[in-house]
Amino acid sequence: MHCRKAIALTLSLLLPGLAWAAPPSEEQIERLLQLTDAQRQTETVSAQLEAQIRGAAESILPPDATPEDHAAMARALETTMGPLRRMLTWEQMRGLYVEMYQKTYEAEDVEAIIAFYETPAGQRLLERQPLLMQNLMQTSQRMMQPELERLREEMARFSAERRKP
C-alpha cells in the first residue's frame with residue numbers, strides 16, 4: 001500500500017511537467033519561419049550551394065581540359081544538381097523545418113525564441129546573419145583552396161595519363 005502512494009505521488013509530480021513540455025504547434029513554427037525569413041534564406045543558401053558546387057567542380061578540371069572533359073563535368077553536375085534542387089525547394093524544406101523544430105524544441109522555447117527575434121537585438125541578428133554566413137563561406141573556401149589545388153593537380157595527371165598513347 002505504501003508503494004502505491006509513492007508511485008501516485010511520483011506520477012502526480014511528473015505528469016504536469018510532461019504536459020508542459022508540449023512540442024511547438026505548426027502555427028508557432030510558421031511564425032518563427034516568417035520572422036527569420038527562412039524561405040528567402042533557404043532559397044539563397046540553395047543558390048549559393050549550387051554555385052559553390054559548380055565552381056568547385058570547374059576548378060578541379062586541369063587547365064588543359066578538353067571540351068569533352070568540360071562537357072562530361074557539365075553532364076555530371078546536371079545529374080547531381082537536379083535531385084539536389086528538388087530536395088532543397090521551400091516546400092520540402094518547410095516540412096523539414098516544422099518536423100525538426102517539433103522534435104527539438106518545446107512550445108515554450110519557440111515562444112521565447114520568437115520573443116527574442118521580435119526585439120531590436122533579434123532583428124539585428126537576423127539582418128547580419130547573411131553577412132556572417134558570407135564571411136564563413138569565404139573563409140572556408142580559403143581553407144579548402146590547398147585541397148582543391150591538390151585535386152586539380154591530380155586531375156591534370158589523370159588527364160595527361162589518359163591522353164598518352
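The two residues Y101 and I29 come nearest to each other via the heavy atoms CB-CD1, 3.6 Å. Closest approach of P24 to Y105, counting heavy atoms only: CD-O, 2.9 Å. Listed here is the closest heavy atom pair of A65 and H70: CB-NE2, 3.7 Å. Taking both residues in full, the closest heavy atoms of I114 and Q28 are given as CD1-O, 3.5 Å, listed atom of the first, atom of the second, then distance.
For E68, the side-chain hydrogen bond (donor to acceptor under 3.5 Å, both in side chains) criterion is met by T66, not counting sequence neighbours.
Under the 4.5 Å side-chain heavy-atom criterion for ILVMFWY residues, no single connected hydrophobic cluster contains both L77 and I60. Cluster annotation: V98 is connected to W90 through the hydrophobic network of ILVMFWY side chains, with a link wherever side-chain heavy atoms come within less than 4.5 Å. V45 and M100 sit in two unconnected hydrophobic clusters of ILVMFWY residues. Membership requires side-chain heavy atoms under 4.5 Å apart, directly or through other members. In this structure, M133 is not a member of the same hydrophobic cluster as M93, with clusters built from ILVMFWY side-chain heavy atoms closer than 4.5 Å. Hydrophobic clustering places M87 together with I53 (ILVMFWY residues linked when any side-chain heavy atoms are closer than 4.5 Å, directly or through intermediates).
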Derivation of the side-chain contact (heavy atoms from CB on, under 4.5 Å) call for E118 and Q123: CA-CA 6 Å; E118 289 174 334; Q123 288 299 301; 5.6 Å; no

Worked verdict on R157 versus E161 for salt bridge (Lys or Arg N to Asp or Glu O under 4.0 Å): CA-CA 6 Å; R157 279 194 300 278; E161 289 174 8; 5.8 Å; no

L49/L84 under side-chain contact (heavy atoms from CB on, under 4.5 Å): CA gap, chis, key distance, verdict: CA-CA 10 Å; L49 180 61; L84 185 62; 4.2 Å; yes

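Under the 4.5 Å side-chain criterion, counting only non-hydrogen atoms from C-beta, R85 is in contact with E50. Looking at heavy atoms from C-beta onward, I113 lies in side-chain contact with L32 at the 4.5 angstrom threshold. When side chains are defined from C-beta on, L96 does not count as touching Q92, because their heavy atoms never get closer than 4.5 Å.
To the nearest 0.5 Å, the span separating CZ on R40 from CG on D37 amounts to 4.5 Å. For the atom pair CZ of R124 and CG of L126, the computed distance is 11.0 Å after rounding to the nearest 0.5 Å. Interatomic distance, S25 OG to E30 CD, rounded to the nearest 0.5 Å: 10.0 Å.
Under a 3.5 Å cut-off, the side chain of T36 and the backbone N or O of L33 do form a donor-acceptor pair. A donor-acceptor pair under 3.5 Å is formed between the side chain of T80 and the backbone N or O of A76. Here the side chain of T139 pairs a donor or acceptor atom with the backbone of N135 at under 3.5 angstrom. A donor-acceptor contact shorter than 3.5 Å is absent between the side chain of S46 and the backbone of E43.
The pair R152-E58 does not meet the salt-bridge criterion, since no charged nitrogen lies less than 4.0 angstrom from a carboxylate oxygen. A salt bridge is defined here as a Lys NZ or Arg NE, NH1 or NH2 lying under 4.0 Å from an Asp or Glu carboxylate O, and E27 with R31 fails to meet this definition. In this structure, R150 pairs ionically with E147, as a charged nitrogen and a carboxylate oxygen lie closer than 4.0 Å. Between E91 and R86, no side-chain nitrogen of the basic residue sits less than 4.0 Å from a carboxylate oxygen of the acidic one, so the salt-bridge criterion is not met.
Side-chain polar atoms of Q48 and Q52 form no donor-acceptor pair below 3.5 angstrom.
At most 12 non-hydrogen atoms from other residues, nucleotides or ligands lie less than 6.0 angstrom from CZ of F158.
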